[in-house]
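Take a look at the structure set out below.
Protein chains get the first letters and strands the later ones, always in sequence-line order, with residue 1 at the start of each.
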There are 2 protein chains.
Amino acid sequence: MLRLSTETRQAQIKEAVLEIISTEGLAKLSTKNLAAKVGVSEGAIYRHFKSKKDILLSIIEDVYTNLVVNQKEIANSEMVSSIKLYTFFCKQIQYLIHNKGITILLFSEATHTNDSILKEKLLKILKAQKTLLKQIVAEGISNGSWNKSIDINDFATLYMGIPVILNIEMVLNKENFNHEEFCNRMFSLLERILKP
Amino acid sequence: MLRLSTETRQAQIKEAVLEIISTEGLAKLSTKNLAAKVGVSEGAIYRHFKSKKDILLSIIEDVYTNLVVNQKEIANSEMVSSIKLYTFFCKQIQYLIHNKGITILLFSEATHTNDSILKEKLLKILKAQKTLLKQIVAEGISNGSWNKSIDINDFATLYMGIPVILNIEMVLNKENFNHEEFCNRMFSLLERILKP
DNA sequence: AATATATGTGAGTAATCGCTTACAAAAGTA
DNA sequence: TACTTTTGTAAGCGATTACTCACATATATT
């Protein structure tokens, strides 16, 4: 029997979680199914994570370190406002496209389990992204790039709907959804809102 | 013991489903919990619905007859384009606010169960709404109310994100989310996109 | 080489799931 | 009133869930 380090197995397990979610749906995310996908017994899963919830929490933390931290750097960079927003937005979209199960896990599981820790972590990510976004827009308004009269909070709410609807379209329209130009097309609509 | 007609019980059961979803989360939507909420035994539930899935399907059909049919009338009415879109949009938002569990049920359950019939019904609603929306926008463009250069499909995608993010905000920010002016605030952003 | 530690397995656990069944009794009908 | 139909209950069904445990063996350490 093959033996691998905890770090390697943890990565494998988390990868398997996202694959199951995006291809088979959240309902199929049982520990039995997960173990089969990784190619180990159920007991082995519990060698590397203390509970199923712990796996999900670890994945959510990955989102923070792999996406939000990156977005933070973009928000604090020296780019021109419109390019900064575009880069920020596309980073998010591309991350979601390459980690298809993430949004479902975040939103669906949070509303499904009503688990307070899970919700807290999700809220932390959402609030961080919203804060960064508002910072970018406020900066663009104050330097004259964008219209002074738009409400930053409302814009942020509208913005946050895009990643979610992207994921829903990917799940429901699996085959014929074209997400290559999705980022550019949506950004051009956002720009129309912001322009003076 | 109290005896009520099937029609009354079905309505009670469907109401209880939405209440459980919006207050306790989808995970708590067990037949046991549901029966307790209605105030009957589990067996009684199965007197009035042949399966749990049947209850959910019936709720989804209610969305069609109570919301989509109504939106269809608005789309085919004689209103001025901007007022038509506003009415169409607000009808949808208000329906979701008064039926808090609906969006979670629709999107979360569809991605959760991977059930084909459920997905089909959901897609039917989404596509109907999208088609009506595109019809309204196309009409507004052709009569000169709105900008010719905007892509109707992209606009529809952006639009559909709003109801979803509304529901997520309601679930996650239960107390401090103000949805009274939500409709007006979001609509003013949509108008900025459409204006010539 | 001897020992300790880390990673694996297979068979189990109690709890919960959606759902069924045998039976009781209220409401409708003759 | 006698009978049928409808609506209810209590108990329990097999299946599945997340998870545990006794045990085996590969790897690291001494």
Check this for me, if you would: do B/Glu139 and B/Lys84 make a salt bridge, where the nitrogen-to-carboxylate-oxygen distance has to be below 4.0 angstrom?
yes

Do the charged groups of A/Glu169 and B/Lys130 touch, with an N to O distance under 4.0 Å?
yes

Under 4.0 Å, heavy atoms only, any strand: does A/Leu2 hit a base, just the sugar-phosphate, or nothing?
sugar-phosphate

According to a hydrophobic-cluster definition based on side-chain heavy atoms being under 4.5 Å apart (Ile, Leu, Val, Met, Phe, Trp, Tyr only), do A/Leu123 and A/Leu57 belong together?
yes

Any side-chain N or O of A/His48 below 4.0 angstrom from OP1/OP2 of C/dG8?
yes

Using a strict 4.0 Å threshold on nitrogen-to-oxygen distance, state whether A/Lys127 and A/Glu120 make a salt bridge.
no

Measure CZ/B/Phe49 against P/D/dT7 and give the value in whole Å, please.
13 Å

For residues 189-196 of chain B, dump all side-chain donor-acceptor pairs below 3.5 Å to protein atoms at least two apart in sequence or in another chain.
unit_1, atom_1, unit_2, atom_2, d
B/Arg192, NE, A/Ile193, O, 2.7
B/Arg192, NH2, A/Ile193, O, 3.0
B/Arg192, NH2, A/Lys195, O, 3.0

Has the side chain of B/Asn33 got a donor or acceptor atom that lies under 3.5 Å from a matching backbone atom of B/Lys28?
yes

Salt-bridge present (B/Glu42, B/Lys32; N to O < 4.0 Å):
no

Has A/Thr6 got a side-chain N or O lying under 4.0 Å from the OP1 or OP2 atom of C/dA6?
no

Does a salt bridge link A/Lys53 with A/Asp115, judged by any charged N lying under 4.0 Å from a carboxylate O?
yes

Side chain B/Thr87, main chain B/Ile83, donor-acceptor under 3.5 Å:
yes

Answer with base, sugar-phosphate or nothing: what part of the nucleic acid does B/Leu4 contact at a heavy-atom distance below 4.0 Å?
sugar-phosphate

Rounded to whole Å, CD1 of A/Ile45 lies from C1' of C/dG10 at a distance of 15 Å

Between protein and nucleotides 20-30 of chain C, map the contacts as a letter string: B base, S sugar-phosphate only, - none, heavy atoms under 4.0 Å, written 5' to 3'.
B--B-BB----

Where along residues 16-38 of chain B does a heavy atom fall under 4.0 Å from DNA chain D?
none

Nearest-Å distance for atom pair NZ/P, residues A/Lys52 and D/dT17
8 Å

Ignoring hydrogens and angles, write down the donor-acceptor pairs under 3.5 Å from the side chains of residues 89-97 of chain A, residues two or more places apart or on other chains.
unit_1, atom_1, unit_2, atom_2, d
A/Gln92, OE1, A/Gln71, NE2, 3.1
A/Gln92, OE1, A/Tyr159, OH, 2.8

Sequence neighbours excluded, the answer for ring-ring contact (aromatic ring centres under 6.0 Å, His included) partners of B/Phe187 is B/Tyr86

Under 3.5 Å between N/O atoms: give me all the protein pairs with nucleotides 13-15 of chain D, atom names plus distance.
none

